[in-house]
Structure formats: structure tokens, C-alpha cells
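Numbers here simply count residues along the sequence, with the first being 1.
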Amino acid sequence: MMAVKKIAKNIKFEEALAELEEQVRLLESGELSLEDSLEVYKYGVELSKVCTGKLEAVKQEVEKIVVTDSNDAGFDLEPFQDVEG
């Protein structure tokens, strides 16, 4: 059975996303046992949370910059809109 991987504390968004894509590829391959599939799935969920958290942090940072700039230049804050597919 696979050992549960730990996510590096300082992992970059791109690295976490690439690792998440790899976990999806493993799951879709159909080559894993049920137990290994569960471990890969759990790891993927944790990676997904890391990616979401990093995106949220960037979103807040962008909004702060926009607010700071708007105070200086007289722009109104446009709330960050999620792209809808």
C-alpha cells in the first residue's frame, strides 16, 4: 500500500497544481488498487485545498492593491469576480 504523501509547506501554486494533475492521471489510469486509489484521492483533495487557499490569498492581495490604488487615483473598487465557465 502507498504511504500517504505530505505536502511541502512552501510548495508553490504551480507545483501543487502539477502534482494534483498527476494524482488525477493516476486515478484515471485505473492501475491502482482500491486502497491506493483512496490514498491518491485524499492527497489530491489536500492539494486542491492548497491551490484554493493560494488563489484566495492572491485574490485578497489584488483587492488590497486595487483599494490602495483607488484611494490615490480616485477609482472605485471592483470586487474580484470568479470566471464562470
Side-chain angles (χ1 to χ4, degrees):
M1 191 160 153
M2 292 179 135
V4 181
K5 292 185 190 174
K6 294 284 180 214
I7 299 170
K9 293 240 182 282
N10 60 345
I11 192 167
K12 292 187 166 87
F13 174 78
E14 292 79 8
E15 293 168 344
L17 187 58
E19 187 70 18
L20 179 56
E21 288 170 348
E22 175 62 16
Q23 301 314 299
V24 170
R25 190 195 63 70
L26 278 171
L27 286 170
E28 288 178 342
S29 74
E31 296 167 8
L32 301 175
S33 67
L34 184 60
E35 291 81 8
D36 286 349
S37 292
L38 182 58
E39 293 305 317
V40 168
Y41 179 78
K42 285 182 190 172
Y43 183 54
V45 168
E46 292 306 311
L47 285 163
S48 176
K49 288 179 186 172
V50 168
C51 289
T52 302
K54 288 182 179 294
L55 285 174
E56 192 59 37
V58 169
K59 173 181 161 180
Q60 289 174 2
E61 197 64 31
V62 168
E63 287 182 348
K64 268 191 228 165
I65 293 166
V66 173
V67 169
T68 304
D69 287 352
S70 70
N71 291 342
D72 295 337
F75 297 115
D76 291 331
L77 173 62
E78 290 293 326
F80 187 89
Q81 296 296 319
D82 291 326
V83 177
E84 293 182 20

Q | Residues forming a salt bridge (Lys or Arg N to Asp or Glu O under 4.0 Å) with Lys54, sequence neighbours excluded | A | none
**Q.** Reported CD-to-SG distance for the pair Glu15 and Cys51, which is rounded to 0.5 angstrom
**A.** 10.5 Å
**Q.** Shared hydrophobic cluster, Val24 / Leu38 (ILVMFWY, side-chain heavy atoms < 4.5 Å)
**A.** no
Q | Separation between CD1 of Ile7 and NZ of Lys9, rounded to the nearest 0.5 Å | A | 9.5 Å
Q | Separation of Lys6 NZ from Ile11 CD1 (nearest 0.5 Å) | A | 13.5 Å
**Q.** With Glu22 via salt bridge (Lys or Arg N to Asp or Glu O under 4.0 Å) - residues at least two apart
**A.** Arg25
**Q.** Distance in Å, Glu28 CD paired with Ser37 OG, rounded so as to fall on 0.5 Å steps
**A.** 11.5 Å
Q | Nearest-0.5 Å distance that lies between atom CG in Leu20 and atom NZ in Lys49 | A | 13.0 Å
(Q) Distance check, rounded to the nearest 0.5 Å: Gln60 atom CD versus Glu56 atom CD? (A) 5.0 Å
Q. Shortest non-hydrogen contact from Leu55 to Phe13?
A. CG-CE1, 3.7 Å
Q | Ser48 side chain to Gly44 backbone, donor-acceptor under 3.5 Å | A | no
